[in-house]
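Since we're looking at a predicted model, the values are computed, not measured. We count residues from 1, following the sequence as given.
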Amino acid sequence: MTSKGYLSLYGVTSTAVLKETIEMIGGEVNYYIPNRFTDGYGPNTKAFERLIEQGTQLIVTCDNGVAGHAAIERAKVLGIDVIVTDHHELPKTLPAAYAVIHPRHPKGSYPFGELAGVGVAFKLATALLGEVPVELLDLVALGTVADLVSLTDENRALVMQGLVVLKNTQRIGLTALFKLAKIKREEIDEETIGFIIGPRLNAVGRLGDAAPAVELLTTFDDDKALSLAQFVQEKNTERQAYVSAITNEAFQMIEDLDADSDVYVLAKEDWHEGVLGIVASKIVGKTGKPTLVMTIDKAKGLAKGSGRSIPAFHLYNALDSARQLTTTFGGHHMAAGLTIPLENIESIQNELNHYAAATGLSEELSEETPVDGQLKLTEATVEVVEELNRLAPFGTANRKPTFLFKNMTAQDIRQIGGDQTHLKMKLVEEKAFLDVIGFQFGSIADEIGSHSEVSVVGKLAINEWNGSRKTQLMLEDLAIEGVQVFDSRSTNIPAALWNTAHADFIFFDQLNFEKYNHLLPDTSYSHHLLDDEALAQFAMKTTQLIFIDCPSDSEWVKILLNGANPEKIIACFYSREELYLNGMPSRNQFGQVFKYTAAHVDIDVRNKLNLLATHLKIKKNNLIFIISVFLEIGFVTMTDGVMNVTKDVEKRELTQATTYQKRLKQIQAENFFVYSHFSELEDWMKQQAIATS
């Protein structure tokens with residue numbers, strides 16, 4: 001290659017590494033990154049022809065090329081050599097390139113075959129320069145972590161050393177990006193790359209031309225660096241919006257599937273092609289199942305997209321077994337890109353499920369989440385986390401240790417984040433506490449009752465704030481132990497309750513039942529338990545119980561839970577009459593009413609009850625109750641709303657009246673269900689549920 005030649009590269013960090021390397025040895029470099037929407041993912045014949053026509057004398061591919069037979073053959077016909085540097089799965093026949101540089105080349109003996117594309121480029125750079133270009137290791141760390149390759153052996157060493165260089169990088173483009181993304185250099189680690197830097201750099205190519213990302217990494221112009229960093233930041237925001245919308249639609253498609261599947265194949269028109277790999281990753285992360293996500297182009301009759309997998313499922317091999325159904329595909333163990341005819345979507349779904357069954361994936365999926373150990377909260381110290389971090393950098397094949405915290409009390413449960421999609425809570429064990437953050441777990445906040453018992457699985461981290469350092473758990477999975485009880489008690493029935501789907505609504509009060517029954521969703525059920533017979537016939541139809549109002553006897557709730565097996569109980573226990581607050585009339589008030597009745601005849605209770613209550617200075621509801629007791633024990637008679645005392649009535653104790661006893665039980669029930677401390681009510685209801693489960 002002469003100094004006037006041109007070098008065309010593929011891959012962002014790989015391109016940056018070889019661009020700077022060739023410039024160091026005096027070469028004139030022009031890089032070209034194919035646009036995934038017009039050129040596809042690998043060597044493109046038309047692109048090669050265009051580059052050669054523009055004067056390119058040598059083509060070097062980065063992070064791809066082993067499947068680019070046609071384009072490489074065309075370049076050879078035109079008299080231009082092609083050097084392939086790649087790390088993806090090797091086809092049965094290699095392309096007729098001048099050289100194929102690959103860590104698993106069938107004729108080679110390189111001791112570590114898991115290098116990322118940028119790792120292969122770095123090895124070529126080292127050979128060309130005759131020494132290890134340490135200053136390029138920041139790019140190697142970025143590309144290796146972002147490529148999700150095994151972080152063991154040589155990759156581990158490259159990333160460890162690369163992180164040191166990255167924290168002190170002199171690249172003004174990265175410095176500008178760190179500032180915009182609020183990244184502190186001293187805190188940069190593999191997670192910073194994987195969750196902050198990598199997604200921003202990738203966003204550019206996902207939504208269009210990736211060349212600005214390379215320029216950001218290699219520019220020496222301060223103004224251009226700032227402008228490019230702002231552009232990258234904007235593209236990342238745009239990417240996030242696409243990902244959020246498509247992810248929501250994809251999960252809805254999964255929910256609507258008629259049958260369960262070991263591998264998900266999801267396709268829809270107008271999904272943005274550039275973010276489908278990210279969406280697939282999110283689905284894999286939440287479901288644990290390999291996933292292909294594709295956008296449909298009806299005009300071309302094709303579906304095109306990306307797939308992500310799990311360690312138990314070799315995605316490239318799975319697609320290779322269904323090669324006849326694809327137009328093109330490529331990738332490796334954990335990720336792939338593909339294009340298929342629309343009519344083959346269902347067929348490839350079936351083929352991948354068959355492959356999963358044949359390779360035992362179903363059994364793998366049914367296993368429990370693997371954990372590295374069980375800890376007590378007192379063992380989750382900053383010192384323990386620091387010791388664990390000596391195993392870093394963590395990633396594929398060197399995952400961060402995962403721990404189980406079993407039967408912990410959950411407190412301070414709430415949703416956080418701008419869109420309330422994340423969960424924050426505190427685990428309590430005796431006098432020890434541990435903060436928990438669950439990204440994308442916000443939706444289950446309403447399923448965890450205060451002081452509930454939970455078991456959680458997650459990874460420990462250190463949270464630093466205002467000079468204070470303490471451990472926190474990054475949540476990966478959660479199991480809620482036993483029945484959950486939620487406090488919705490109020491002076492009114494919360495309107496939101498009527499939107500609760502898949503629930504059994506319990507009414508004890510006739511008027512409440514008549515007033516609110518029609519508000520229930522179609523998927524919920526109402527039960528009016530007016531007497532012992534209705535209570536005996538009660539049977540739950542869902543797993544969720546909602547007590548709308550207060551029973552006349554606390555035993556009714558105990559009996560109701562006998563035979564029921566709720567997973568969730570919502571305690572509203574609205575009291576329409578507020579008998580506990582009104583209290584039981586005093587013996588003096590009973591005496592007042594009796595004396596007045598004995599001294600008057602033909603008392604018009606129907607029309608003059610309010611006047612009578614005012615005259616006697618007794619609450620109207622209490623006056624009605626006193627008269628009801630007198631009627632039951634025969635102290636008075638009532639004819640057409642007119643009351644008179646009964647002459648020579650046998651003396652009876654007021655407390656023996658059924659009406660009196662019923663009110664006494666209602667007051668006791670209200671005192672407990674409405675006014676007790678929630679922890680007392682929660683414990684009691686859980687005990688009943690446990691005793692009957």
- prompt: How close do Leu325 and Pro341 get, heavy atom to heavy atom, and via which atoms?
  reply: O-CD, 3.4 Å

query: For the side chain of Thr359 and the backbone of Tyr355, is there at least one donor-acceptor N/O pair under 3.5 Å apart?
result: yes

- prompt: Roughly how far apart are Thr237 OG1 and Gln240 CD, rounded to 0.5 Å?
  reply: 5.5 Å

query: In terms of side-chain geometry, is the basic nitrogen of Asp435 or Lys424 positioned less than 4.0 Å from the acidic oxygen of its partner?
result: no

query: Using 4.0 Å as the upper bound for N to carboxylate O, is an ion pair formed by Lys235 and Glu238?
result: yes

- request: Sort out for me which residue in Val263, Ile348, Val265 forms a side-chain contact (heavy atoms from CB on, under 4.5 Å) with Asn353.
  value: Val263

Test: Lys304 and Asp297 ion pair at under 4.0 Å: no

field: Any donor-acceptor pair under 3.5 Å from Thr402 side chain to Val371 backbone
entry: no

field: Salt-bridge criterion met for Glu249 and Lys268 (N-O under 4.0 Å)
entry: yes

Side chain to side chain, Leu174 and Leu142, heavy atoms closer than 4.5 Å: yes

- prompt: Have Asp138 and Thr169 got a donor and an acceptor in their side chains that come within less than 3.5 Å?
  reply: yes

query: Just checking, any donor-acceptor pair under 3.5 angstrom between side chains of Gln252 and Asn248?
result: no

- request: Take Lys298 and Glu269 through the salt bridge (charged side-chain N to carboxylate O under 4.0 Å, His left out) test and state the conclusion after the steps.
  value: CA-CA 8 Å; Lys298 287 187 176 179; Glu269 196 173 5; 3.7 Å; yes

- prompt: Under a 4.5 Å cut-off applied to non-hydrogen side-chain atoms, are Pro393 and Asp189 in contact?
  reply: no

query: Looking at side-chain heavy atoms only, is the closest gap between Met408 and Glu453 below 4.5 Å?
result: no

query: Under 3.5 Å, side chain of Glu429 to main-chain N/O of Leu377, donor-acceptor pair present?
result: yes

Lys459 to Phe403 six-membered ring, cation-pi geometry met (6.0 Å, 45°): no

task: Evaluate side chain to side chain contact (heavy atoms under 4.5 Å, CB included) for Leu217 paired with Leu201, printing each intermediate quantity in order.
output: CA-CA 9 Å; Leu217 295 175; Leu201 293 175; 4.2 Å; yes

query: Side chains of Lys286 and Phe251: closer than 4.5 Å at any heavy-atom pair?
result: yes

field: Residue from His333, His102, His332 passing ring pair (Phe, Tyr, Trp, His ring centres under 6.0 Å) with His88
entry: His332

- request: In sequence, state the C-alpha distance, the side-chain angles, and the governing distance for Leu115 and Val149, and then conclude on side chain to side chain contact (heavy atoms under 4.5 Å, CB included).
  value: CA-CA 7 Å; Leu115 286 174; Val149 293; over 6 Å; no

- line: For Pro43 and Gly65 the tightest heavy-atom approach is CG-CA, 3.7 Å

message: For a 4.5 angstrom cut-off between non-hydrogen side-chain atoms, does Phe122 reach Leu158?
response: yes

- prompt: Considering residues, nucleotides and ligands other than Glu346, do more than 12 of their heavy atoms fall under 6.0 Å from its CD?
  reply: no

message: Please determine whether side chain to side chain contact (heavy atoms under 4.5 Å, CB included) holds for the pair Thr326 and Thr339, giving the CA-CA distance in whole Å, both sets of side-chain angles, and the decisive distance to 0.1 Å.
response: CA-CA 6 Å; Thr326 69; Thr339 301; over 6 Å; no

Test applied, side-chain contact (heavy atoms from CB on, under 4.5 Å); reference residue, Val275; option that passes from Val293, Thr247, Val243: Val243

message: With a 3.5 Å distance limit and no angle check, can you tell me whether Gln484 reaches the backbone of Gly482 through a side-chain donor-acceptor pair?
response: yes

message: Side chains of Met425 and Asp412, heavy atoms from C-beta outward: is any pair under 4.5 Å?
response: no

- request: Examine the side chains of Thr175 and Arg185 and answer whether a donor and an acceptor come within less than 3.5 Å of each other.
  value: yes

- prompt: Quick one: does His422's side chain have a donor or acceptor within less than 3.5 Å of a partner on Gln440's backbone?
  reply: yes

message: Could you check whether any side-chain N or O of Glu234 sits under 3.5 Å from a backbone N or O of Phe231, counting only pairs where one atom can act as donor and the other as acceptor?
response: no

Short side-chain to backbone donor-acceptor contact, Lys289 and Ser261, under 3.5 Å: yes

- request: Looking only at non-hydrogen atoms, find the nearest pair between Thr471 and Ala380 and report the distance.
  value: OG1-O, 2.8 Å

- prompt: When you check the side-chain N and O atoms of Glu114 and Thr152, is any donor under 3.5 Å from an acceptor?
  reply: no

- prompt: Thinking salt bridges, do Glu190 and Lys400 make one under a 4.0 Å N-O criterion?
  reply: no

- line: Nearest heavy-atom contact between Met294 and Ile340 is CE-CD1, 3.7 Å

- request: Kindly say whether Asp63 contributes a backbone atom to a donor-acceptor pair with the side chain of Ser14 at under 3.5 angstrom?
  value: no

- request: Report the C-alpha distance between Gln544 and Thr500 in whole Å, list the side-chain angles of each, state the deciding distance to 0.1 Å, and finish with yes or no for side chain to side chain donor-acceptor pair (under 3.5 Å).
  value: CA-CA 10 Å; Gln544 186 173 194; Thr500 309; 5.3 Å; no

- line: Scanning both residues in full, the closest heavy-atom pair of Thr291 with Ala280 reads O-CB, 3.8 Å

Ionic contact status for Asp86 with Arg104, cut-off 4.0 Å: no

query: Is there a donor-acceptor pair closer than 3.5 Å between any side-chain N or O of Arg308 and the backbone N or O of Ser281?
result: no

task: Decide yes or no on side chain to side chain contact (heavy atoms under 4.5 Å, CB included) for Ile569 and Phe486, but give the supporting numbers first.
output: CA-CA 6 Å; Ile569 298 174; Phe486 297 84; over 6 Å; no

query: Cut-off 3.5 Å, side chains only: do Asp147 and Thr144 have a donor facing an acceptor?
result: no

query: Going by an N to O cut-off under 4.0 Å, is there a salt bridge joining Lys123 and Glu154?
result: yes

query: So, Asp419 versus Thr421: side-chain donor-acceptor pair below 3.5 Å or not?
result: yes

query: How are the rings of His272 and Tyr242 set to each other: parallel, tilted or perpendicular (split at 30° and 60°)?
result: tilted

- prompt: If you count the non-hydrogen atoms of other residues, nucleotides and ligands that lie under 6.0 Å from NZ in Lys470, is the total more than 12?
  reply: no

message: Quick one, Val164 and Gln161 - any side-chain contact, counting heavy atoms below 4.5 Å?
response: no

statement: The reported gap from CD1 in Ile183 to CD1 in Ile196 (rounded to nearest 0.5 angstrom) is 5.0 Å

query: Where the side chain of Glu187 meets the backbone of Lys184, is there a donor-acceptor pair that is under 3.5 Å apart?
result: no

field: Leu166 side, atom CG; Ile188 side, atom CD1 - distance, nearest 0.5 Å
entry: 4.5 Å

message: Could you measure the distance from the CG atom of Leu427 to the NZ atom of Lys376? Nearest 0.5 Å is fine.
response: 13.5 Å

Side-chain heavy atoms of Leu180 within contact of Gln230, under 4.5 Å: yes

Over all atoms of both residues, closest heavy-atom pair of Ile345 and Ala303: CD1-CB, 4.1 Å

statement: Between the OH atom in Tyr316 and the CG atom in Leu90, the distance rounded to the nearest 0.5 Å is 8.0 Å

